[in-house]
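Chain letters run A, B, ... following the sequence lines, proteins first, then strands; residues in each count from 1. Everything numeric here is computed off the predicted structure, so don't read it as measured data. Side chains are part of it too, since the values below use all heavy atoms of this structure and drop only hydrogens, waters and symmetry mates.
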Amino acid sequence: MYRYDEFDQSFVNNRVAEFSDQVQRRLAGEISEDAFKPLRLMNGVYLQLHAYMLRVAIPYGTLSSKQLRMLAHVARTYDKGYGHFTTRQNIQFNWPALADMPAILRDLATVEMHAIQTSGNCIRNVTADHFAGAAADEVADPRPYAEILRQWSSVHPEFSFLPRKFKIAVTGSTRDRAAIQVHDIGLHLKKNEAGELGFAVYVGGGQGRTPIIAKKIRDFLPEKDLLSYITAVMRVYNLHGRRDNKYKARIKILVHETGTEELTRQVEAEFDALRDTELKLPESDIRAIETYFAPPELVARPEGEAILKQSQLDSRDFAAWLNQNVITHHNPDYAAVTISLKGIGEIPGDATDAQMDAVADIVERYAFDELRVSHEQNLILPHVARADLKAVFDALVEIGLATANSNLISDIIACPGLDYCALANARSIPVAQDVSRRFASLERQREIGELKLKISGCINACGHHHVGHIGILGVEKKGAELYQITLGGSGDEHTSIGEIIGRGFAPEDVTDAVETIVDTYLGLRTDPSERFLDAYRRVGSAPFKEALYGADAKAA
Amino acid sequence: MKILTANRLVDGEAVWLAADNSWVENIQLAERASDAETEARLDAAGKAALANNEVVDVNLIDVALVDGAIRPNRLREQIRANGPTTHLQFGKAARFGANAA
C-alpha cells in the first residue's frame with residue numbers, strides 16, 4: 001500500500017489545522033454561511049436532510065485494517081454506529097456534528113486519511129478496478145497510476161475551480177470493472193506490441209441527466225506521458241467547458257458540442273506543447289510508486305484444494321459462497337473475495353462499526369492487511385489463500401456478511417436517496433430493500449444469473465441506474481415518488497446506456513415490475529448461459545414492454 | 001399553512017421555529033402561519049437566526065393539519081420531520097412518535 005511521506009503527512013495535518021480553525025470561526029459566528037459553505041465542501045462536509053454528512057476519501061478504494069478500524073471508531077464515536085460505502089469507493093458518515101469535524105479529521109489523519117476533494121468542482125477520488133493487483137486477467141496494477149494522479153491532482157492550483165466536478169477511473173484489465181467509459185476520463189492500462197505499458201484514453205463519459213459514453217481519443221498513450229496528456233485534456237476542458245449552465249458544465253457536454261475529432265485535435269495540440277516539460281514522468285518515479293503496490297509475498301499454499309473440496313461437501317452455504325463471491329487470483333493458491341454489503345433486506349453499502357472492526361480482524365489475519373471498497377458498494381479481500389477461504393467464510397457468517405449474492409439481482413447499487421440526500425427526489429434504499437426481499441431465495445437468484453440492478457433517487461445518477469442491466473430512477477411527480485425503469489444498461493467494456501421502458505411505477509408497484517421483467521427474461525432466454533443483458537440485447541425492449549404494459553405497450 | 005424550518009448550525013439537526021422564538025426538534029411544536037402577516041414574521045425570524053449563526057438552510061414550508069397534527073405537504077419534509085425511513089431508530093420518530101407524517 002502507498003505510505004504517506006513526510007510531505008503528505010504534513011500537508012494533511014496542515015489542512016486539518018486550517019479547516020479546524022475555519023470550523024471554530026464559523027461556530028463563533030466570525031464567518032458567514034455563504035463564506036463557509038465552499039470551505040466545508042472542499043473538506044468533504046455536506047449538509048443533508050437530518051444532519052451534516054462527512055465523505056472520507058479512500059484513494060482507489062484501498063484500505064488497511066488500521067484504517068478500517070479508524071472508520072469504525074469514527075462511526076462509533078461521532079456518528080450513529082454505521083458508515084455508508086459509496087460508488088466512488090469512499091465512505092460517508094451521515095450524522096456527524098459540525099463541532100466534531102476537527103476531531104474526526106484529526107483522528108483520520110493519524111491513519112493517513114482525509115476528506116479533501118471529496119466534493120467541489122475539482123478532480124475527485126480516482127477510482128480503480130477493485131481487484132487491482134489480484135485479478136488473473138490483469139496486464140498491470142492500475143493503482144500506481146491512480147496514486148500518481150492523486151498526488152498530481154491534490155490541490156492542483158490550475159484545476160481546483162473547474163467548470164464542474166471531474167472523475168477519473170483506471171482499469172488494468174480488458175474486462176472493465178471500473179466503469180471507465182462513464183467517467184470524465186477513463187484510462188485503460190495495456191501493453192503495446194513492444195510490451196510497453198500505456199493507456200487507451202477515453203474522455204467525456206458520464207451519467208447524470210445527460211448520460212453519454214466516453215469517446216476513445218487515444219489508443220495508446222505511453223505511461224511517461226500520463227500527466228502531460230491528462231493536463232492537456234484538463235486545460236482544454238478548463239478553457240472551453242461551459243460555466244454558464246451547471247447542467248452543461250461537465251466535459252461530456254464539451255466533447256459532445258465540440259465533436260470528438262476537434263476536441264482530440266485541441267488536446268493533441270496542447271499535449272505537443274507539454275510533452276517534454278517537467279510533467280513527463282521519469283521511469284524511476286513510476287517504478288518507485290509501483291513498489292508501494294507490490295503484491296504481498298504469497299507463499300505456496302497448495303493444501304487449499306483439498307480443504308476446499310472437503311469444506312464444500314460439508315457446507316452447501318460455503319459451496320454457494322465460494323461459487324458466487326470468490327474469483328480467480330493470478331496466483332493459483334490464492335483467491336479474491338467479495339464481502340457482500342447487500343444482505344437480504346439490508347441497506348446497500350452500509351456497515352456497522354462492529355462489522356468494520358470484525359472485517360479488519362479478518363483483513364489482518366487472512367488478507368495481508370489489505371481491503372478494497374468496490375464501486376458496487378461491497379468490500380473486497382484481494383489476496384486470500386484458498387486454504388483460508390473456509391475460515392474467512394465462517395468469520396463472515398458470524399457478522400452477517402456472508403451473503404452469496406455477488407453479481408446477482410440482490411447485489412444492488414443504491415444511492416442514499418431521499419432518506420438522507422438533500423438533492424434526491426425519491427427514496428432509493430427502501431426500493432432496494434424491497435427488491436432484495438422479494439428475491440430473497442439465493443437459489444432463485446442463481447437461477448436468474450448475473451443481473452446488475454442499480455437505483456438512483458434523482459437524475460444525478462449516483463446509483464448508476466443508467467448502466468444497470470435493470471436501472472431504476474426515482475422522480476417526484478405531483479408530490480409523490482415515481483420510479484422509471486431502464487433496461488439494457490451496462491458499465492463494463494461493452495458499456496451501454498439503459499433505455500427507458502415506459503411510464504413509471506408507484507413505489508408499491510416497482511418490485512412487481514422488476515419481477516415481471518425477470519420472469520419475462522426467464523421465459524425468453526435461449527438457455528441459462530444467456531445472461532439477462534445478452535437476452536435484452538438480442539430481443540430488444542418489445543417483450544418487456546408487452547409484459548409490463550400489455551395492450552397499452554404502444555402507448556407506453 | 002406554513003411553518004419555518006432550518007438545520008441547526010452546530011450539529012445540522014433539523015429544527016423548526018416555535019412560538020417562543022426557539023428552535024425545536026419536534027415539528028409538532030412549530031408555530032403555524034395561516035396568514036401573510038405571520039408568514040412575514042416567521043420569515044424575518046429565520047433571516048435573523050441565519051444572520052445570527054444559529055441555523056442554516058432556512059425555509060418556509062407548506063404543511064397541513066391532519067387529525068390535529070402538523071403534516072408537511074412534501075415527502076422530503078415528512079422525512080426530515082421523522083428521520084430516514086430506513087433507520088427510524090435514529091430519527092425523530094423514535095423520540096417524538098411518527099405522528100408528524
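For A/Ala426, no part lies under 4.5 angstrom from a heavy atom of chain B. Using a 4.5 Å cut-off between heavy atoms, A/Leu47 contacts chain B through its side chain alone, with no backbone atom that close. Both the backbone and the side chain of A/Arg26 come within less than 4.5 Å of a heavy atom of chain B. The contact between A/Ile347 and chain B is made entirely by side chain atoms (from C-beta outward), counting heavy-atom distances below 4.5 Å. Using a 4.5 Å cut-off between heavy atoms, A/Gln433 touches chain B through its side chain atoms alone. Contacts between A/Tyr52 and chain B at a heavy-atom distance below 4.5 Å involve backbone atoms as well as side-chain atoms.
Separation of atoms CZ (B/Arg74) and CG (A/Asn425) is listed at 7.5 Å; rounding is to 0.5 Å. Interatomic distance, A/Ile429 CD1 to B/Thr85 OG1, rounded to the nearest 0.5 Å: 7.5 Å.
Inspection of non-hydrogen atoms places B/Asn7, B/Arg8, B/Leu9, B/Val10, B/Asp11, B/Gly12, B/Glu13, B/Ala14 of residues 3-19 of chain B under 4.5 Å from chain A. At a heavy-atom cut-off of under 4.5 Å, chain B is reached by A/Trp95, A/Pro96, A/Ala97, A/Leu98, A/Ala99 from residues 91-100 of chain A, listed in order of number. Using a 4.5 Å cut-off between non-hydrogen atoms, the part of residues 56-63 of chain B that approaches chain A consists of B/Val56, B/Asp57.
The side-chain hydrogen bond (donor to acceptor under 3.5 Å, both in side chains) check on A/Ser456 picks up A/His465, with sequence neighbours excluded.
Summarising the geometry of A/Tyr82 relative to B/His87, their closest heavy-atom pair is OH-CD2, 3.2 Å, with the distance given to 0.1 Å.
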| field | CA sep, side-chain torsions, deciding dist, call: A/Glu481, B/Leu75, side-chain contact (heavy atoms from CB on, under 4.5 Å) | value | CA-CA 8 Å; A/Glu481 294 163 302; B/Leu75 179 61; 3.2 Å; yes
| request: May I have the step-by-step check of side-chain contact (heavy atoms from CB on, under 4.5 Å) for A/Glu30 and B/Asn53, ending in yes or no? | output: CA-CA 9 Å; A/Glu30 294 165 16; B/Asn53 302 305; over 6 Å; no
| message | Before you tell me yes or no, could you show the steps for A/Glu476 and B/Arg76 under salt bridge (Lys or Arg N to Asp or Glu O under 4.0 Å), namely the whole-Å CA-CA distance, both residues' side-chain angles and the distance that decides it to 0.1 Å? | response | CA-CA 10 Å; A/Glu476 183 180 358; B/Arg76 178 187 202 274; over 6 Å; no
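By the 6.0 Å contact criterion, CD on B/Glu37 is open, its count of non-hydrogen atoms from other residues, nucleotides or ligands being 12 or less. Residue-environment remark: NZ (A/Lys37) stays at or below the threshold of 12 foreign heavy atoms within 6.0 Å.
Ranking A/Ala51, A/Ala28, A/Pro416, A/Gly417 against chain B, the residue ahead of the rest is A/Ala51, based on heavy-atom pairs under 4.5 Å.
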